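Order of appearance sets the numbers: ligands from 1, and atoms from 1 within every ligand. Remember, it's a predicted structure, so these values are computed and weren't measured experimentally.
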Amino acid sequence: MLRITVLVSGGGTNLQAVIDGIESGFIQDAEIGLVISSNPKAYSLERAKKHNIKYMVIGKTNYPDAEARTNALINALDEAKTDLIILAGYMSILDSKMIEAYRGRIINIHPSLIPQFCGQGFYGKHVHEAVLASGVSETGATVHYVDEGIDTGPIILQEKVPVLEGDTADTLAARVLKTEHKILREALKIVIASINKKGDR
Ligand code: GRF
């Protein structure tokens, strides 16, 4: 049974997609052992509570010092016996110490077709505003492994999403979010199978 820790900061619809994927049996051999939010007010925490998933807050509010915050994160991940970390709407950049400790075991969902519209400053609604401003006719979502860069690790899965006439950042975000949920579950199956195949848990 692969133990997953999900890092969140906001509403948690991607967290919910993983919870639903596991509870429906679409994703097998895995469980969410812990949800860590950087934001004490994140609705993600309500979702964890509702599904009896252990949760905790580790963020600037309770760990203002960056080094202490990274150490608290690594300790929490180790104590939860984490095999795989999912960044699901997580709004902090991971310290290289954490990347090193969990290299190849951290995945992120990004609301664009990486390498387009990603990197520093491209998060949440800013991504969709940039897509609309560019005039492209399609965008999408990407699940990728996390490395020291921002949205730069090896891509696991991507799916295109059309930009429609009259789209606003909100209507586009809502359409992309549905695809995020779909490919996050599909990517999770791929990653779990690959970890099980390697057997080096
Ligand atoms: C999503 O668009 C995700 O791609 C981005 O944060 C947004 C909110 O995600 N990283 P969630 O609803 O909190 O999962």
Exercise. Any N or O of Y90 that comes nearer than 3.5 Å to an N or O of ligand 1?
Worked result: no
Problem set entry | Any N/O pair S44/ligand 1 closer than 3.5 Å | no
For this session: Measure the distance from atom 5 (C) of ligand 1 to every protein heavy atom, then report the residue, atom name and distance (to 0.1 Å) of the closest one.
Result: G89 CA, 4.0 Å
Exercise. So, do S37 and Y90 sit near enough that their side-chain heavy atoms are less than 4.5 Å apart?
Worked result: no
Problem set entry | Residue and atom name of the nearest protein heavy atom (relative to atom 13 (O) of ligand 1), distance in Å to one decimal | G12 N, 2.8 Å
For this session: Take atom OH of Y102 as the centre, draw a 6.0 Å sphere, and report whether it contains more than 12 heavy atoms from other residues, nucleotides or ligands.
Result: yes
For this session: Take every heavy atom of G11, measure it against each atom of ligand 1, and state whether any distance is under 4.0 Å.
Result: yes
Seminar exercise, completed: Value for OG1 (T70) from CD1 (I74), rounded to nearest 0.5 Å, stands at 6.0 Å
Problem set entry | Under 3.5 Å side-chain donor-acceptor pair for S38 and S9 | yes
For this session: Give the single entry among L15, T13, D151 that approaches atom 12 (O) of ligand 1 most closely by any heavy atom.
Result: T13
Exercise. Which bit of E180 is near ligand 1, meaning a heavy atom under 4.0 Å away: side chain, backbone, both or neither?
Worked result: side chain
Exercise. Do you see a donor-acceptor pair shorter than 3.5 Å between the side chains of T13 and H181?
Worked result: yes
For this session: Please test I85 against L87 for side-chain contact (heavy atoms from CB on, under 4.5 Å), starting from the C-alpha separation and ending with a verdict.
Result: CA-CA 7 Å; I85 300 166; L87 308 186; 3.9 Å; yes
Exercise. With a 4.5 Å heavy-atom cut-off, do L77 and M98 have their side chains touching?
Worked result: yes
For this session: Check whether any side-chain heavy atom of I32 sits under 4.5 Å from a side-chain heavy atom of I86, and report yes or no.
Result: no
For this session: Looking only at distances, please establish whether an N/O atom of ligand 1 is found under 3.5 Å from an N/O atom of L177.
Result: no
Exercise. Does any N/O atom on N14 come nearer than 3.5 Å to any N/O atom on ligand 1?
Worked result: yes
For this session: Ignoring hydrogens, tell whether any protein atom lies closer than 4.0 Å to atom 7 (C) of ligand 1; use the non-hydrogen atoms only.
Result: no
Exercise. Going by the atom numbers of ligand 1, which of them fall below 4.0 Å from some non-hydrogen atom of P111?
Worked result: 4 (O)
